[in-house]
*Asks:* 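Encoded as C-alpha cells, here's the structure I'll be asking about.
Just so you know, these numbers use all the heavy atoms, side chains as well, and skip hydrogens, waters and symmetry mates.
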Amino acid sequence: MTPAKLTSIIITPFLHPLLAAKSFFSSVSLANSKTHLLTHFNRIVDKNSVSSWNSAIADLARAGDSIEALHAFSSMRRLYVRPDRSSFPCALKSCAALGSLFSGQQLHLQAFILGLHPDLFVASALVDMYSKCRVVDDARKAFDDTPVKNAVVWTSMIVGYVWNDAAREAAHTFKCFFAEVGGFEVDYVAAVSALSACARIGEKKVTRGLHGALVKLGLEMETGVGNTLMDAYAKCRLLEVARKVFDGMSQRDNVSWNTMIAVYAQNGLSAEALELYTEMLRTGGVLYNAVTLSAILLGCAHAGALQMGKCIHSQVIRMCLEKDVYVGTSVVDMYCKCGRVEMARKAFNRMKDKNIKSWSAMVAGYGMHGRGQEALEVFDEMRRFGPKPNHITFVSVLAACSHAGLLDEGRHWFTAMQEDYGIEPEVEHYGCMVDLLGRGGCIEEAYGLIKGMRVKPDFMVWGALLSACRVHKNVKLAEISARKLFELDPKNCGYYVLLSNVYADAGRWRDVEKMRVLMKQRKMVKTPGYSSVELKGRIHVFLIGDRRHHRHEEIYEYLDKLTVRMQEAGYVPDTRSVLHDVDEEEKETALRVHSEKLAVAFAILSTAPGTSIQIVKNLRVCCDCHSAIKLIAKLVDREIVVRDSHRFHHFQDGSCSYIGHGIPCFRSYQQLKVHTNFLGKKRRLIWSWKSASLPWWGIQNSSKACREQCSTVSESRDIITLLVFLRRRKAAGPLKGIRGGDSHVHSCFLFFNP
DNA sequence: CTAGGGTTAG
C-alpha cells in the first residue's frame, strides 16, 4: 500500500455504510473555531486533547452506542488528533459489537502505523474484535503478533475460539497458556473461559481434568468459576456433580441459582427446578431476574404445570419483562406445552420484538396441537413480516404438517426449503418427512427418502418409519427399521414392543413369542410409564397400578364406578394396547390401572365440576386409554387434555383431535432417562410444594393482561380454588386483599425489580 | 486520567 493511500485512509478512516448516518460529530471540523464541545452525557470535550476524546469514546461505547463511538473516533482523526493506546480498545470494542470487520481492519491498520499493536490493551481488543467478526484466523494472527502476552490476551483468544465454535481449539489454547506460565497468572476469568469451552465439548474427562487444575490453583472458590463449573458438569451429563459444586459454593449469586435451576429444567427435572426456585426465594437472599423466570417457565412447560406457569407469567408482566424476547418466547412455549395454544397466541401477539425462535415456537406450538393450517398461517406471516426462516423453523413447519397430516404442504416445503432458502435438510427434517409420508401411507416413498439421505439416519427417522409400518401393517419394512433401531438405541425397549405389535397384527404369533424371549435375553428394562397432574401447586405422579398416593383407595373406587358407567355406555376394553405397552404377567390388571386413567380419576375427584383437566404422560397414550378417556370426558362433561410424548390429545364432547401416530414433539431421550433414574431411585413420587407461598402470590393480583388471558370460566375458577387453598395454608394473607386491588397485598408482594 | 478478557436463558 502506498503512503499516499495510507494517509487518505487515516484521515478519512471510515467509509463504512454504518457510518453514513448523521451524527452529532458530523459537524465537528477544523473550520469550527470552538475549542470545546458539549457531547452526549454532558461531557465537555477539549477538541485538541486525546484523553478528552478517549473519555467521550469510552462513554459512548459503554452506553452501547457503538456507531456514535466510531463517529467520535472519526471526528478526532479529522482534527488530526493522534490517537494513543487508550483510544483503540473502546473503538475496537464498538466494531466488535457491530460486527463491522471493515472498520475494525482500518483501526488495526492505524494502530499498526502508530506502532501500538503490540500494546497489551490494543492487542487483546484486536483479538476480540476479529473473533467477534467471525474471522478467527486473523484473531490468531493478531494474537501471534503480540510478543509479550498476558492473561487478558490469552483469555481473549480462548473466548475467540469458543465464539467461533472451536471449543477444542480453545481448550488447547488454555493448555498452552497454562504450560507457558506454569499456572501463575491464570486468573479466574481465564478459568471461566476455559470452563465454558469444556461445557461446549461436553466430555467428562476434560471437565474433570480442568477442575483438578483449578483446585490446585485455588480458583475453585470463586463464584464465577463455580457457576461455570456447574454448567460444564451439567453439559457432561453429570447433574449430581453439578449439584455438589452448587452445594459446596461458599458464595452464590443469582447466576449460580439461575444456572442450577436451568440445569434441572433443561434435563426434565422440573420438580427439582421449581423446588430450587422456592428455595432461592426463601433463603437465597438474591434477586431473581429474567433468566430465572425463563428457566422456570421451561420447567413448567416440561411438567405441563399450567397454573404455576400462569403465576410466573403474571410475575413476568409485573416485572415488565414481557418485552424481553427470551422471556416472551418462554411464555409462548410454556402455554403451548401446557395445552393452551390460544393463550400462547395471545402472548405471542403481545410481544413487540419477535426473533426467529419466537416465531418457530409459535409454529411448533400449533403443530404439536395438530393445527397444521394455523401453523402454516403463522409461518406465512413470518415470511412476510418476520426474520428469514432457518433450519429450526423448517423443523417446526414440517413437524406441523406431519402432525396434521398435510401431505402436499409438507412435500412442498421440504422442496422449497432446499430450493428457495438454500437449507440442506438435516436429520430432523428427514425425521419429519418420513413421519409425514409414512403416516400418509407412502411407506415405500419414505423408505426411498431414507436410502437417499446424505446424513446418517438416526433413531427418530427409523422410529418414524417403524411407527408407520405398524399403522399400515408393513412387516417387511418394520423388520428392517427395527433392526436398525436395535443398533442405534439398544437400551430402548419400545421398538421391541412395536415390532411385536406388528407381528401380532399380522397373526405371526411365533415371532411375537420370539420377541418376548429376545427382550428377556437382552435384559431389556422398560421405561416406566407415568402420568402426572398438577393440582394446587403440587405435581402428583402416578405409575401403573400405583398405590402410593395417599388417596389411592378413593381413586380406585371412583375408577371402578367410572368403568361401570363406561361399560353401560358401550365401552369395550381394547386389548391391542396390552400388547403395546405391557408384559404378559401384568396383563390382567394393566388395562384398568394405566397411569393416565389413575391421573384422570384423581383429577376429576379433586377439581370442581366443569374444570378442565391437564395430564402429562411420559410415553405414548395407548389405544385403550385413548378411547376410555374420550368416553370419560363425555360422561363427566369435562375437557381433558392429555399430553404424551408425541402430541396433544384434546378430549371434548366425546371426540378427540388426535390423528394417528407421529414423531415425538417432546423428544429427548436424555430427559426420559433422567426421569427413570428419578423414579428408580425411589425419590418422592408425589412431589409436594414445600413452600407454596411466595411464587404463588403472583396470581392474586394477576395483572390485567394476565387476567384477560385467563378469560374462560374454568380458568378463573382455577385461580379461585387456588386462592382458597392458599388461604387455608395461611400462605396467602388476607382474602380481601386477594379479591380487590387492595394495596396491602401489593405491599406484600416480594417483587424485585432488578 | 482514560482502556482489554468471563459465567446463566429459548
*Asks:* Separation of A:Lys235 atom NZ from B:dT7 atom P, in whole Å?
*Replies:* 11 Å
*Asks:* Report the nucleotide, chosen from B:dT2, B:dG4, B:dG6, that has the shortest atom-to-atom distance to any side-chain atom of A:Asn150.
*Replies:* B:dG4
*Asks:* With the side chain of A:Lys132 defined as its heavy atoms from C-beta on, choose the nearest nucleotide among B:dG6, B:dG10, B:dT8.
*Replies:* B:dG6
*Asks:* Within the 4.0 Å heavy-atom criterion, would you say A:Ala262 contacts the bases, only the backbone, or no part of the nucleic acid?
*Replies:* sugar-phosphate
*Asks:* Rounded to the Å, how far apart are A:Asp46 CG and B:dT2 P?
*Replies:* 16 Å
*Asks:* Is A:Glu381 salt-bridged to A:Arg345, going by a charged N under 4.0 Å from an acidic O?
*Replies:* yes
*Asks:* Between C1' on B:dT8 and CG on A:Asp324, what's the gap in Å once rounded to a whole number?
*Replies:* 13 Å
*Asks:* Does the base of B:dT2 carry an N or O that pairs as donor and acceptor with the side chain of A:Ser86 under 3.5 Å?
*Replies:* yes
*Asks:* Look at all strands and tell whether A:Ser51 reaches a base, only sugar-phosphate, or nothing, counting heavy atoms closer than 4.0 Å.
*Replies:* nothing
*Asks:* Between the base of B:dG5 and the side chain of A:Thr155, is there any donor-acceptor pair under 3.5 Å?
*Replies:* yes
*Asks:* Looking for any heavy atom pair under 4.0 Å, which part of the strands does A:Ala361 touch: base, sugar-phosphate only, or nothing?
*Replies:* nothing
*Asks:* Is the distance from OP1 or OP2 of B:dT8 to the nearest side-chain N or O of A:Gln266 less than 4.0 Å?
*Replies:* no
*Asks:* With a 3.5 Å cut-off and heavy atoms only, can you find an N or O donor on one side and an acceptor on the other between the side chain of A:Asn227 and the base of B:dG6?
*Replies:* no
*Asks:* Taking atom C1' of B:dC1 as reference, at what distance in whole Å does atom CZ of A:Phe121 sit?
*Replies:* 13 Å
*Asks:* Would you indicate what A:Leu293 reaches in the nucleic acid, counting non-hydrogen atoms under 4.0 angstrom: base, sugar-phosphate, or nothing?
*Replies:* nothing
*Asks:* Between atom CZ in A:Phe174 and atom C1' in B:dG6, what is the gap in whole Å?
*Replies:* 12 Å
*Asks:* For A:Phe88, report the nucleic acid contact type (base, sugar-phosphate, nothing); a contact means any heavy atom under 4.0 Å.
*Replies:* nothing
*Asks:* What's the CG-C1' distance between A:Asp59 and B:dA3, to the nearest Å?
*Replies:* 13 Å
*Asks:* Take atom CG of A:Leu214 and atom P of B:dT7, then tell me their distance rounded to the nearest Å.
*Replies:* 15 Å
*Asks:* Could you tell me whether A:Asp84 contacts a base, only the sugar-phosphate backbone, or nothing, with contacts defined as non-hydrogen atoms closer than 4.0 Å?
*Replies:* nothing
*Asks:* If only side-chain N and O atoms count, and only distance matters, is there a donor-acceptor pair under 3.5 Å linking A:Ser330 with A:Ser294?
*Replies:* yes
*Asks:* Any ion pair linking A:Glu185 and A:Lys149 (charged N to carboxylate O, less than 4.0 Å)?
*Replies:* no
*Asks:* Can you figure out which of B:dT2, B:dT8, B:dG5 approaches the side chain of A:Asp187 most closely?
*Replies:* B:dG5
*Asks:* Which nucleotide sits closest to the side chain of A:Asn355: B:dT7, B:dG10, B:dG5?
*Replies:* B:dG10
*Asks:* With no hydrogens and no angle check, do the side chains of A:His172 and A:Tyr161 hold a donor and an acceptor under 3.5 Å apart?
*Replies:* no
*Asks:* Are A:Arg243 and A:Asp247 close enough for a salt bridge, meaning some N to O gap below 4.0 Å?
*Replies:* yes
*Asks:* Side chain of A:Val192, heavy atoms from C-beta onward: which of B:dA3, B:dT7, B:dG10 has the nearest atom to it?
*Replies:* B:dT7
*Asks:* One thing to verify: whether A:Arg140 and A:Asp144 come together as a salt bridge, which I'm taking to mean a side-chain N less than 4.0 angstrom from a carboxylate O.
*Replies:* yes
*Asks:* Could you work out which one of B:dT8, B:dG5, B:dG4 sits closest to the side chain of A:Asn258?
*Replies:* B:dT8
*Asks:* Please state how far atom CD in A:Glu185 lies from atom P in B:dG4, giving the value in whole angstrom units.
*Replies:* 19 Å
*Asks:* Which nucleotide wins on minimum distance to the side chain of A:Asp333, given the candidates B:dG4, B:dG10, B:dT2?
*Replies:* B:dG10
*Asks:* Please report the closest heavy-atom contact between A:Pro83 and A:Leu116, naming both atoms and the distance.
*Replies:* O-CD1, 4.1 Å
*Asks:* Name the nucleic acid region contacted by A:Val159, choosing base, sugar-phosphate or nothing; use a 4.0 angstrom heavy-atom cut-off, strictly under.
*Replies:* sugar-phosphate
*Asks:* Looking only at the side chain of A:Ser55 (C-beta and beyond, no hydrogens), which of the listed nucleotides B:dG10, B:dG4, B:dC1 gets closest?
*Replies:* B:dC1
*Asks:* Which nucleotide, B:dG4, B:dT7, B:dA3, lies nearest any side-chain atom of A:Thr228?
*Replies:* B:dT7
*Asks:* Using only side-chain N and O atoms of A:Arg62, determine if any of them is under 4.0 Å from OP1 or OP2 of B:dT2.
*Replies:* no
*Asks:* Which listed nucleotide (B:dT7, B:dG4, B:dA3) is nearest to the side chain of A:Lys93?
*Replies:* B:dG4
